[in-house]
Amino acid sequence: MAAAGLLEGLNDQQREAVTVAPGPVLVLAGPGSGKTRVLTHRVAYMIQNLGIHPSSIMAVTFTNKAAGEMRHRVESLLGGRLQGTQIGTFHSICARMLRREAGYTPYTADYLIYDTDDQVAVITQAMTELNLDTKRFRPRAILNQISNAKNELIDAAHYVGVSYQGEITRRAYARYQEILVANNARDFDDLLMDMVQLLEENEPIRQKYQRFIEHLLVDEFQDTNAAQYRMVELLAQPQESVFVVGDEDQAIYGWRGADYRNVLQFRKDFPDCKVILLEQNYRSTQIVLDAARAVIDHNSNRTRKALFTEQSGGTRITIHEAYAETDEAQFVVESIENLYREQELGYRDFAVMYRTNAQSRALEEAMVKASLPYKLVGGIGFYKRREIRDLLAYLRLVNTPNDSVSFNRIVNVPKRGIGKKSVEDFLRWTARERMTISEGLAAMADGATTPLPNAATKKFTAFWQMIEDWQKIAADGDLAALLDDIIARTGYTLHLHNTSDSTDEALEREDNVRELRGLLAGKVGESLNDVLQEVALVADVDSLAGDDSDTITLMTLHSAKGLEYPVVFLTGLEDGILPHFRSMDNADGLEEERRLLYVGITRAMRQLYLSHAFRRMTYGDSSPSVPSRFLADIPPHLLEGVSSKLRQQYDFNAFLEDTTWDDDEEEPLTERQQTIRARIAPFSPPASAPKPRFRSGVRVQHAKFGEGIVIETRHVGNDEEITVSFAAHGIKRLSANFAKLEILD
């Protein structure tokens, strides 16, 4: 393809990025701005028009799918297969290099790569050999700390434990690595750390790859961690022909080690880098883009982008306040049904997004009741999640004690010393004696003679005693109390943490358990049998249709990046959900939550719906909620249907804007601001704002709401408005003068 053909259809910014001279280049690509097209055309242009040999080019992406797509596109542009160009993920490229250079490492070229289950087995072995308590110090939690260290390029020899648990991690880390080397195995984090260390410590190897890789391209640069950034830095020398594409505004993976500040660091480490902004959007209407910009412009440490599109105007964004999460789900369903009938849309044109996996439960149930086809992306159906299946199995066994499937699933979950052989012996005995499961357990409890050892008999008897106790609670009709007792007496929360790969996964699974509890708490007056039948009707629906089917897509916002849909619903936009309560006590956390909403908004092509609930079931209790503070950043003229709560926030923000200013303000004042400020000008503002009585992160006690944590505080006249997250009552905004909060810290 001639140069003119390669550049055909590109806008001025894209053309500049494709044709820029080799050297350090930073392309900041707004959502929907065609960054993949720029990357692929850039590789093709370098080969065809700059005469660069394909084998001297390396392009790095984050997924195998993206790497395959990039290779296919470049080959299509050049009309043939690439000869020697390395296109792959960081991990796959490092794995090949390490096999090639095995002679410089403690491993042979045929080393193994351990997956998560293998890693858990190794860390458990290491801790057992060191006589470390695997119940007190969970192997998966220790493994997560080791992974974080490797991502920061801290090996076992240099790891320092700054606490007692840190010292446990240090000892386990050292033995873990020894076992890996003995097994000729690496984990995924080793692939990056080992390659970086090899490049740093072995000058001939470093120079070899620096000569071999003359031109380096990196996609999704904002998602790189410390190890990946260091690898890019090393391979880019000395020629510095490094072309990175990213967007600080779409950095949403900080929880797994990604650091968007690498974009800022790149500009410092390569001060002569050419910065190119891709601002023209080919996906969304201007109204959607204006809303997205209004949200993200409140973040710091970023390059402002004037996103624009040729699709001027567009449908105003619908904002809806539902009474509760079930009403919110019904609103989504009814809106989809109406749009499906009235517009030329298929179900595949709709996506419903939410902050946490637990939120899918109400949406799934509403879809099933309305007979709407749907699929989940990046997640498992609520009732198919392991923790939900476990707890439902307990409830089914309480309701139907002869349910062999439920019995087999949870008789030793969490572990209570009833092994597989004991279960088999018990089932053979009951079959021989022509007894049901419940009859066999009851007979054991009454002292019947069995072929099982006394120790096993006692454990089965204790298990049956719990079932009988739970049946009494179920008979009283308090299903939430029943679940609470099951969780407490089985130690299920500890089991949940012990079987999770990370703290974040464990917390998300806890959210799912709380969602189940909230469901049961709302079934007042219904029997356990009725509730289980209702759940079964939802859980048995085959909702996971194929990718090519005409289905509505349900997904978390973290799964939505890179996707686009004509119509998007963003649900659960409330303080405590988005922004998530675990992110509200620090500025960095709030900014990442804001970026998450930005990513969600920019998935919409034509129509966008934003919803929040007046009340939401949390921890089994329904309490009033507060609209997400981010919603008030969107100008009202872009919205349709602003709720009363949100209107109050708009009015308060306008009051602050009118009555608060700096001497160095650059924006011209509106006529309203000039009038208001003229009235209050005679009253000189204090030299500095008074010191707040409450600060973020402080624990407080309220007479009615109990204990909570201060999230945010700001002065309003002679008072302070304090946002507090209460464990039992959710997010509350209070007046310091009237709330009478007691500081506990």
Side-chain angles (χ1 to χ4, degrees), residues 31 249 281 284-299 304-309 311-323 327-328 331-332 335 339 353 355 567-579 590-591 593-614 624-661 665 667-677 712 714 716 721 723 731 733:
D249 295 338
N281 178 283
S284 308
T285 66
Q286 192 62 51
I287 280 183
V288 169
L289 296 181
D290 288 346
R293 284 184 58 190
V295 168
I296 203 64
D297 278 349
H298 288 267
N299 273 8
R304 294 172 71 97
K305 302 172 195 69
L307 300 180
F308 69 95
T309 177
Q311 302 181 63
S312 60
T315 303
R316 286 205 295 177
I317 299 165
T318 299
I319 187 162
H320 177 76
E321 180 182 36
Y323 180 73
D327 302 289
E328 180 183 50
F331 163 75
V332 171
S335 298
L339 291 170
M353 303 175 188
R355 174 63 176 83
V567 184
V568 169
F569 293 81
L570 302 183
T571 63
L573 299 182
E574 298 142 34
D575 274 4
I577 297 180
L578 185 68
L590 275 175
E591 291 207 344
E593 293 291 296
R594 192 184 294 277
R595 293 194 292 270
L596 199 54
L597 177 58
Y598 175 78
V599 166
I601 291 174
T602 53
R603 299 312 94 194
M605 299 168 67
R606 287 159 44 184
Q607 289 174 269
L608 177 63
Y609 291 76
L610 310 176
S611 65
H612 60 95
F614 175 74
S625 57
V626 177
S628 172
R629 63 193 63 196
F630 301 153
L631 289 176
D633 297 332
I634 303 175
H637 71 271
L638 301 177
L639 303 175
E640 183 96 31
V642 178
S643 65
S644 58
K645 281 188 177 181
L646 188 55
R647 178 64 63 186
Q648 292 174 2
Q649 188 61 47
Y650 276 129
D651 293 341
F652 182 73
N653 288 353
F655 168 77
L656 289 180
E657 183 179 348
D658 290 340
T659 59
T660 308
W661 67 91
E665 282 186 344
E667 294 292 329
L669 298 180
T670 64
E671 182 177 345
R672 169 187 165 87
Q673 288 173 326
Q674 291 175 0
T675 302
I676 292 176
R677 295 185 184 187
E712 185 179 60
R714 56 183 173 182
V716 181
E721 182 187 74
T723 304
I731 307 295
R733 288 181 182 168

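As the structure is a prediction and not an experimental result, all values here were calculated from the model.
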Quick one: pull up [atom1] in [X] and [atom2] in [Y] and give me the separation to the nearest 0.5 Å.
| X | Y | atom1 | atom2 | answer |
| --- | --- | --- | --- | --- |
| His612 | Ser628 | NE2 | OG | 9.5 Å |
| Glu574 | Leu631 | CD | CG | 9.5 Å |
| Tyr598 | Asp249 | OH | CG | 5.0 Å |
| Asp327 | His320 | CG | NE2 | 7.5 Å |
| Arg293 | Lys305 | CZ | NZ | 10.5 Å |
| Asn281 | Gln286 | CG | CD | 8.5 Å |

Look only at the side chain of [X] and the backbone of [Y], and say whether a donor-acceptor pair between them is shorter than 3.5 Å.
| X | Y | value |
| --- | --- | --- |
| Asn299 | Glu591 | yes |
| Arg316 | Leu639 | yes |
| Gln607 | Thr315 | no |

- Message: Is the shortest side-chain heavy-atom distance between Ile601 and Pro31 below 4.5 Å?
- Response: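 A side-chain contact under 4.5 Å is absent here.
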- Pairs where residues 593-606 contributes a residue and the test salt bridge (Lys or Arg N to Asp or Glu O under 4.0 Å) is met, not counting sequence neighbours: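 Salt bridge (Lys or Arg N to Asp or Glu O under 4.0 Å) check on residues 593-606 returns Arg355-Glu593, Glu592-Arg595, Arg594-Asp633.
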- Item | Contacts of Thr723 that satisfy side-chain contact (heavy atoms from CB on, under 4.5 Å) - sequence neighbours left out |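 Scan of Thr723 (side-chain contact (heavy atoms from CB on, under 4.5 Å), adjacent residues dropped) gives Arg629, Ile711, Glu712, Ile731, Arg733.
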Which atom pair, heavy atoms only, marks the closest approach of [X] to [Y]?
| X | Y | value |
| --- | --- | --- |
| Ala604 | Ser284 | O-OG, 2.6 Å |
| Leu597 | Phe630 | CD2-CB, 3.5 Å |
| Ile577 | Gly572 | CG2-O, 3.3 Å |

- Message: Before you tell me yes or no, could you show the steps for Thr571 and Glu328 under side-chain hydrogen bond (donor to acceptor under 3.5 Å, both in side chains), namely the whole-Å CA-CA distance, both residues' side-chain angles and the distance that decides it to 0.1 Å?
- Response: CA-CA 8 Å; Thr571 63; Glu328 180 183 50; 4.7 Å; no
- Would you please name every residue forming a ring-ring contact (aromatic ring centres under 6.0 Å, His included) with Tyr609, sequence neighbours left out?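 Here the qualifying residues are Phe569.
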- Evaluate side-chain contact (heavy atoms from CB on, under 4.5 Å) for Ile287 paired with Leu608, printing each intermediate quantity in order. CA-CA 10 Å; Ile287 280 183; Leu608 177 63; over 6 Å; no
